[in-house]
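No experiment lies behind these values; they were computed from the predicted model shown.
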Amino acid sequence: MTEKSISAPQFFSLLYLSMLGTLFMYISSADIKIASTDSILRPVVFVAVNLVAIVPSYLFIKMQRKTRLSYGQSLQGNAAFKIVAVCYGAVYFLDAIMTSSRFDLFASSELFPGTDMTFFILGLVAVCGALALLGIGALARAGIVFTVIVTGATIFAMLTLIEEVDFLNFTPLFEFGAEDFLKDSLIFSAHATGIGAVVVFSENIREKLLKNYILWVILSGIVFVFILFFVVGTLGVFADTQLFPTYAAVSLAKFGLLERLDALETAIWILCVVSKLTLYMIIVIKSVSYIFPKVSKTVISVCLSTIIGFILVFISGDVKRFGFLSSVPLNVVLYIIPVVVLPGILIISCVAGRGLKRAKNG
């Protein structure tokens with residue numbers, strides 16, 4: 001067991017926090033019309049899609065473990081494979097920007113309406129950049145603790161809404177047809193770009209990866225259904241008018257003397273954003289290190305945080321620029337590349353490498 005070795009549950013706790021953060025700040029496409037009750041079934045499609053999506057990554061990991069050649073070793077000294085590292089770095093660099101800008105929108109529109117949150121977001125990015133230097137081991141261990149805190153607080157907040165649930169708020173399923181529901185659910189599922197990180201950190205993960213992955217997907221789906229049930233039950237069609245309906249629902253929560261559970265829940269949600277952003281920054285730092293091994297990770301982290309900061313300042317407050325980052329085609333592409341395309345390239349390279357080796361030996 002190496003110092004960087006992490007358990008599968010620790011790693012998947014980070015993916016869980018990432019997707020939970022996505023759910024809290026998910027914005028449905030304006031071109032898609034679905035009944036609010038349909039959103040409760042959105043996680044079912046998420047589970048189905050991502051159970052299939054793991055196949056390319058799992059096949060590559062299975063092949064590399066047989067050859068005892070890690071993802072990192074396959075990149076070293078191989079120009080073609082280094083292009084793969086560039087692609088992984090580019091994808092998660094864009095994902096880090098998208099995560100930061102989405103939280104910027106959430107903070108400026110819901111937490112402190114009309115307030116410029118630029119310096120707060122820049123500070124958040126700087127903190128995540130510093131945390132990224134601690135590596136995947138430290139983040140994964142913290143991820144387990146964060147998962148317990150976030151899940152416990154979220155379930156507590158939702159349960160306080162029981163009296164607010166009105167079953168008249170639940171509309172007939174597929175009121176506007178199943179096509180738009182399927183489109184919306186697929187778009188939501190495509191936000192699980194963190195699945196691509198399974199390949200990047202496969203050499204660090206011990207224990208049965210596939211078994212824990214399946215467990216993560218199913219449990220995540222159950223939690224998401226639970227949350228969306230209370231969102232729809234309390235808000236009904238009013239949820240369609242809210243930019244962030246989950247936050248609007250939690251704003252109704254109260255327990256005894258605690259009249260503002262939304263403030264507590266928001267603090268908890270920030271843990272999700274920090275975990276997700278730090279994970280993506282670790283991937284970018286790791287990818288750049290493969291390409292420029294002589295450059296220290298500290299320098300890479302500082303440069304990365306600075307670049308993301310400049311881009312966020314450029315995007316902040318501009319609806320068109322934010323709209324581009326939130327566009328469906330971009331989100332889908334950033335999902336397909338690390339989850340399907342890059343693992344596929346690695347598999348083909350491994351198969352071709354084996355064939356070449358056999359030909360030489362023959």
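Smallest separation of non-hydrogen atoms from Y88 and P338: OH-O, 3.8 Å. Nearest heavy-atom pair, I205 versus A8, reported as atom, atom and distance to 0.1 Å: CG2-CA, 3.7 Å. Smallest separation of non-hydrogen atoms from Y335 and A53: OH-CB, 3.1 Å. Nearest heavy atoms, M281 versus C128: SD-CB, 3.8 Å. The shortest non-hydrogen separation linking S13 to T147 is CB-OG1, 3.2 Å. Summarising the geometry of V150 relative to C272, their closest heavy-atom pair is CG1-SG, 3.8 Å, with the distance given to 0.1 Å.
Aromatic rings of H191 and Y26 (six-membered ring for Trp) have centroids within the 6.0 Å cut-off, being under it. Y247 has its ring centre no less than 6.0 Å from the ring centre of F24. Between F167 and F170, the distance from one ring center to the other falls under 6.0 angstrom. Ring to ring, Y213 and F12 are close: their centroids are under 6.0 angstrom apart.
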L159 and F226: CA distance, side-chain angles, deciding distance, side chain to side chain contact (heavy atoms under 4.5 Å, CB included) verdict: CA-CA 10 Å; L159 289 177; F226 175 80; 4.0 Å; yes
Working note: L228 + V225, criterion side chain to side chain contact (heavy atoms under 4.5 Å, CB included); need CA distance, chi angles, decisive distance, verdict. CA-CA 5 Å; L228 291 170; V225 167; 6.0 Å; no
Working note: N331 + M98, criterion side chain to side chain contact (heavy atoms under 4.5 Å, CB included); need CA distance, chi angles, decisive distance, verdict. CA-CA 9 Å; N331 277 274; M98 291 167 67; 3.1 Å; yes
Can you check side chain to side chain contact (heavy atoms under 4.5 Å, CB included) on T151 and Y16, steps first, answer last? CA-CA 10 Å; T151 303; Y16 167 76; 2.9 Å; yes
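Tracing side-chain contacts under 4.5 Å through hydrophobic residues (I, L, V, M, F, W, Y), one reaches F229 starting from I162; they form part of the same cluster. Neither L122 nor I315 shares a network with the other; the hydrophobic side chains, linked directly or stepwise wherever heavy atoms of I, L, V, M, F, W or Y lie under 4.5 Å apart, form separate groups for each. Two different hydrophobic clusters hold F11 and I144 under the rule that ILVMFWY side chains link at heavy-atom gaps under 4.5 Å. Taken together through direct or relayed side-chain contacts under 4.5 Å among Ile, Leu, Val, Met, Phe, Trp and Tyr, V127 and F310 form parts of separate hydrophobic clusters. Criterion: ILVMFWY side-chain heavy atoms under 4.5 Å apart, direct or through other members. Under it, W269 and V148 are not part of a common hydrophobic cluster.
Side-chain contact between V199 and L342 is absent, with no heavy-atom pair separated by less than 4.5 Å. In this structure, L17 and L271 have side chains that are not in contact, with every pair of non-hydrogen atoms separated by 4.5 Å or more. No side-chain heavy atom of V223 sits under 4.5 Å from any side-chain heavy atom of S220. Contact of the L20 side chain with the F224 side chain is registered, since non-hydrogen atoms from C-beta on lie closer than 4.5 Å. In this structure, K183 and F188 have side chains that are not in contact, with every pair of non-hydrogen atoms separated by 4.5 Å or more. Contact check for F93 versus I308: side-chain heavy atoms found under the 4.5 Å cut-off. Side-chain contact between F120 and D104 is absent, with no heavy-atom pair separated by less than 4.5 Å. At a threshold of 4.5 Å between non-hydrogen side-chain atoms, the residues T99 and V273 count as touching.
For the atom pair I270 CD1 and F103 CZ, the distance stands at 4.0 Å (nearest 0.5 Å). The structure places NZ of K276 at 10.0 Å from OG of S100, a figure rounded to the nearest 0.5 Å. With rounding to the nearest 0.5 Å, the separation of CD1 in I136 from CD1 in I285 is 11.0 Å. Between the CG atom of N212 and the OG atom of S7 there is a distance of 7.5 Å, given to the nearest 0.5 Å. Between the CD1 atom of I311 and the CD1 atom of I97 there is a distance of 3.5 Å, given to the nearest 0.5 Å. Once rounded to the nearest 0.5 Å, the distance linking CZ of F230 with CD of E164 reads 11.5 Å.
Side-chain atoms of S185 do not come within 3.5 Å of backbone N or O of L182 as any donor-acceptor pair. Not a single donor-acceptor pair under 3.5 Å links the side chain of D184 to the backbone N or O of D180. One N or O on the side chain of D38 and one on the backbone of F174 form a donor-acceptor pair closer than 3.5 Å. Not one N or O on the side chain of R141 forms a donor-acceptor pair closer than 3.5 Å with the backbone of Q10. The main-chain N or O of L105 is found under 3.5 Å from a side-chain atom of S108 such that the two form a donor-acceptor pair. Judged by distance alone, with hydrogens and angles left aside, the side-chain atoms of S301 form no donor-acceptor pair with the main-chain N or O of T298 at under 3.5 Å. Under the 3.5 Å distance criterion, the side-chain polar atoms of S305 are left unmatched by any main-chain donor or acceptor of V302. The closest donor-acceptor contact from the side chain of T234 to the backbone of V231 lies under 3.5 Å. When atom types are taken as modelled, the side chain of Y92 and the backbone of L277 share no donor-acceptor pair closer than 3.5 angstrom.
In summary, of the residues considered (V333, L334, V332), a side-chain contact (heavy atoms from CB on, under 4.5 Å) with I336 occurs for V332 alone. Screening I155, V232, T246, I222 for a side-chain contact (heavy atoms from CB on, under 4.5 Å) with I227, the sole residue that qualifies is T246. Among V217, L219, I218, the single residue meeting the side-chain contact (heavy atoms from CB on, under 4.5 Å) criterion with L215 is L219.
D95 and T193 share a side-chain donor-acceptor pair at under 3.5 Å.
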